[in-house]
Every structure is written in structure tokens, then in C-alpha cells.
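To start, the structure itself, in C-alpha cells.
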Amino acid sequence: MPAVVQLRSGKALTVRAAADSFLGSLTNPNTARGYGTGIGKTAERLGEDRPLAAVADDEVGEALELLWGTAAVNTWNARRAAVLSWLGWCADHGYGGPAVPAWVKRMTPPDSETPARPKLVVDRLIARREVPVREKTLWRMLYETCARAEEILGVNIEELDLPGRRAPVKAKGAAARRRGGRAREDFVLETVYWDAGTARLLPRLLRGRTRGPVFVTHRRPGPGKVLAPRDVYPDTGLARLSYGQARALLDQHTAVAGAAAGTGWDLHEWRHSGLTHLGEQGASLLMLMAKSRHRKAENVKRYFKPSPEAIAEVTGLLAPGVVRR
């Protein structure tokens with residue numbers, strides 16, 4: 001059940017008390033941590049000991065502008081959303097106070113800047129002899145499924161349909177639902193598909209393993225780390241490969257020579273590249289939406305970044321006398 005928050009009665013609620021009460025009402029610790037930064041800094045800017053009811057709407061807007069007016073779009077939207085939820089909660093519970101003013105608007109995120117790598121570059125990277133089979137398989141699988149890295153890293157061996165070249169993944173945006181008075185996570189399972197490249201590599205990677213995570217670390221986790229049984233290969237105790245570890249491994253093979261770590265490819269580039277190459281080969285927008293599992297056409301359009309060569313080639317269809325059948 002959600003936490004019951006005892007608010008002080010008979011006194012004006014201060015900005016700090018209102019912030020603490022709202023954050024204490026959140027049952028998801030990740031949400032509480034994410035909201036804590038935005039609400040905490042906003043409360044400091046407004047004056048923590050002031051009565052909440054004495055704060056004007058425009059003061060909230062000015063605080064947001066001063067704190068995050070020059071921040072990235074996603075950061076601005078996240079901080080604004082946190083403060084909006086906080087003040088909305090206060091209003092719903094009958095505690096007088098300000099609201100986020102109408103002029104403090106949510107900003108539209110810019111088009112994704114994640115690049116799409118040429119197909120020849122993708123094939124050459126995966127074919128390099130010094131790249132271990134674990135990384136080869138992960139990268140090829142991300143490219144052919146056009147799935148998110150978290151989805152593929154979360155797959156277990158017993159969930160693989162090797163003959164059918166497919167597997168169910170836990171889709172992004174799964175929401176907590178209430179069942180029998182208790183909150184639990186209900187995940188929407190969606191199917192991803194791979195092709196011959198992944199199909200050739202998976203048996204080499206698994207080498208007889210029949211259960212546990214598909215992608216595991218090469219070392220056992222430390223004694224202080226607690227993992228769910230699903231995230232450990234029971235025969236060896238090796239843990240599921242995390243997103244951060246997978247990102248670091250990709251960096252090792254793609255970072256510019258002599259540059260600091262973190263300058264290489266991003267795991268999301270496999271998804272962008274796969275969708276772009278499918279589009280260049282003539283896949284329709286509806287097919288790209290089905291492959292990427294996007295529900296809005298404008299979302300999948302951000303992933304399609306044809307190369308100059310592909311645009312030049314399709315332009316050739318307009319040459320005099322060219323008839324496409």
C-alpha cells in the first residue's frame with residue numbers, strides 16, 4: 001500500500017515540509033530519487049521555511065528558469081515535471097499553495113543526435129578478430145533486432161526461440177499495476193526477431209548453457225552485491241551483463257585512439273543503424289514501426305537517417321527515361 005503521510009495540522013505548511021511530505025508519499029524509490037533533485041533545489045530557491053501558501057505562481061516559474069533555463073531539454077522537462085507533480089499533489093490534498101504557471105511550458109525534445117553507422121562499418125567492427133564472441137553476439141543481435149540494449153541484455157536463455165530466431169523482451173514503459181491491493185510490475189512482452197548473423201553466433205556464445213542470462217560477466221559479483229536469481233547463471237555464479245558494462249566494452253573497441261574513455265559508439269547506435277539500413281533497402285514506414293515497436297510514426301522517423309549515398313541513389317530514379325517497375 002502507498003505510504004500514509006502524516007501532515008501537520010493547524011499550522012501553515014512550509015515549503016520544506018510540503019516537499020518532504022510529497023517525496024515521502026512516493027512508493028517507488030527510483031521515482032523519489034529522480035524527483036528529489038528537482039523538488040529539493042526548487043524548495044531551496046523558494047525559501048524552505050516560507051509558508052507554501054505565501055509562494056506565488058510566478059516565483060515557481062522564475063525558480064525553474066534560474067535553475068534549469070539553460071539546461072538540456074530533457075533535464076528541463078524532467079525538473080518541470082517533478083515540480084508539477086509536487087504542487088499538484090499538494091493541491092489534491094487541500095494544502096494551499098502555488099502552481100507551475102502556464103508560461104513555464106514543456107519543451108519539445110530535439111531530434112535524436114544518435115548517428116547511424118554505415119553497414120560496411122558495422123560488419124567490419126563485428127568481424128574483427130580481437131572482439132570476443134560475447135560482444136560480437138550482443139552487437140549483432142542489437143543490430144538485427146533493432147531492439148533497445150536493456151531489452152536484449154534482459155533476455156534469458158530459456159526464453160530464446162532459436163529455430164524461430166525470436167525472443168520475447170520486456171518492453172519499455174511497463175507500468176506498475178495494482179492487483180489484490182498490492183502494487184506489482186506488469187511488463188508488456190513484445191517479440192524481437194534476428195537473422196542469420198545472430199543465429200550463427202548464439203550457439204558459440206551459449207556453448208551448452210540452457211538457462212540463466214544470455215549475456216553474463218566474466219567474473220562473479222562481489223560478496224556484497226545482491227542479485228535476483230534470474231540475473232545469475234546458477235552453474236557458475238556469473239551475473240547478468242549490465243548496461244554500463246556493455247557500454248564500457250563497446251567503448252574499448254570504438255573509442256578514438258588516444259582519447260579518454262567514453263568517446264566511442266553508443267549502444268543505441270545499433271538500433272538507429274539497423275532501422276536506417278532497413279529503410280534504405282525499401283522497408284515501408286509501417287514495417288519500420290512494426291520492427292522498432294514504435295506506436296507513433298514521428299518517433300520512428302527520428303531513427304531513419306539515410307546516408308548521402310542512399311539519397312543520391314534514390315534521386316537517380318528521377319532521371320529522364322527511368323521507369324520503376
Side-chain angles (χ1 to χ4, degrees), residues 2-8 12-114 148-150 171-177 183 185 242-244 247 262 266-268 271-272 294-296 298-299 301-303:
V4 177
V5 181
Q6 183 67 41
L7 296 176
R8 291 178 290 176
L13 202 62
T14 65
V15 171
R16 182 74 264 173
D20 290 342
S21 298
F22 169 69
L23 294 172
S25 72
L26 300 174
T27 58
N28 188 317
N30 294 327
T31 303
R33 281 194 297 270
Y35 278 14
T37 300
I39 294 172
K41 290 188 175 182
T42 303
E44 290 177 9
R45 190 78 196 181
L46 295 172
E48 296 181 321
D49 295 330
R50 294 177 62 190
L52 182 66
V55 179
D57 292 1
D58 283 348
E59 288 185 84
V60 176
E62 290 167 2
L64 289 170
E65 284 285 354
L66 287 170
L67 290 167
W68 299 289
T70 59
V73 171
N74 289 337
T75 300
W76 165 265
N77 287 340
R79 301 298 185 249
R80 175 187 173 276
V83 174
L84 192 69
S85 296
W86 166 40
L87 298 179
W89 180 88
C90 290
D92 290 343
H93 285 74
Y95 300 98
V100 175
W103 57 266
V104 179
K105 298 183 180 297
R106 184 182 186 277
M107 297 178 66
T108 302
D111 289 343
S112 172
E113 297 300 325
T114 303
R148 302 173 182 89
E150 299 92 335
K172 179 182 179 182
R177 298 183 180 181
E185 292 290 330
S242 70
Y243 183 96
R247 176 68 179 86
D266 188 89
L267 288 170
H268 212 49
R271 178 169 165 87
H272 279 255
H294 280 113
R295 291 171 175 79
K296 294 182 179 179
E298 58 266 27
N299 290 339
K301 286 179 181 178
R302 297 183 328 193
Y303 285 73

_Donor-acceptor contact present, side-chain Ser21 to main-chain Ala18, <3.5 Å_ = no
*Shortest non-hydrogen contact from Trp89 to Ser25?*
NE1-OG, 3.7 Å
*Closest heavy-atom pair and its distance - Val60, Pro101*: CB-CD, 4.5 Å
*asked:* Rounded to the nearest 0.5 Å, what separates atom CE in Met107 from atom CZ in Arg80?
replied: 11.0 Å
*For the student: nearest non-hydrogen atoms of Ile39 and Ala19, plus distance*: CG2-CB, 3.6 Å
*Where is the tightest heavy-atom contact between Ala63 and Leu46, given as atom of each residue plus distance?*
CB-CD2, 4.2 Å
*Trp76 vs Leu64, side-chain contact (heavy atoms from CB on, under 4.5 Å): CA-CA, chis, key distance, verdict*: CA-CA 8 Å; Trp76 165 265; Leu64 289 170; 4.0 Å; yes
*Could you tell me how the ring of His93 sits relative to the ring of Tyr95: parallel (under 30°), tilted (30 to 60°) or perpendicular (over 60°)?*
parallel
*Would you say Asp57's side chain and Pro98's backbone share a donor-acceptor pair under 3.5 angstrom?*
no
*asked:* Could you check whether any side-chain heavy atom of Trp86 comes within less than 4.5 Å of a side-chain heavy atom of Leu23, counting everything from C-beta outward?
replied: no
*Might you confirm whether atom CG of Asp92 has over 12 heavy atoms from other residues, nucleotides or ligands at distances under 6.0 Å?*
yes
*Would you mind checking if Asp266 and Arg247 are paired as a salt bridge, meaning a charged N to carboxylate O distance below 4.0 Å?*
yes
*Do you know the tightest heavy-atom contact between Gly61 and Trp103?*
C-CH2, 3.5 Å
*Check whether any side-chain heavy atom of Leu67 sits under 4.5 Å from a side-chain heavy atom of Arg79, and report yes or no.*
no
*Taking side chain as C-beta onward, heavy atoms only, is Thr42 less than 4.5 Å from Trp68?*
yes
_Euclidean distance, Glu298 CD relative to Lys296 NZ, rounded to 0.5 Å_ = 6.0 Å
*Go through the structure and list residues passing salt bridge (charged side-chain N to carboxylate O under 4.0 Å, His left out) with Arg50, not counting sequence neighbours.*
Glu59
_Which heavy atom of Ala43 sits nearest to which heavy atom of Arg16, and what is that distance?_
CB-NH1, 4.4 Å
_Once rounded to the nearest 0.5 Å, what's the spacing between atom CG of Leu87 and atom CG of Leu52?_
6.5 Å
_Could you check whether any side-chain heavy atom of Glu48 comes within less than 4.5 Å of a side-chain heavy atom of Thr14, counting everything from C-beta outward?_
no
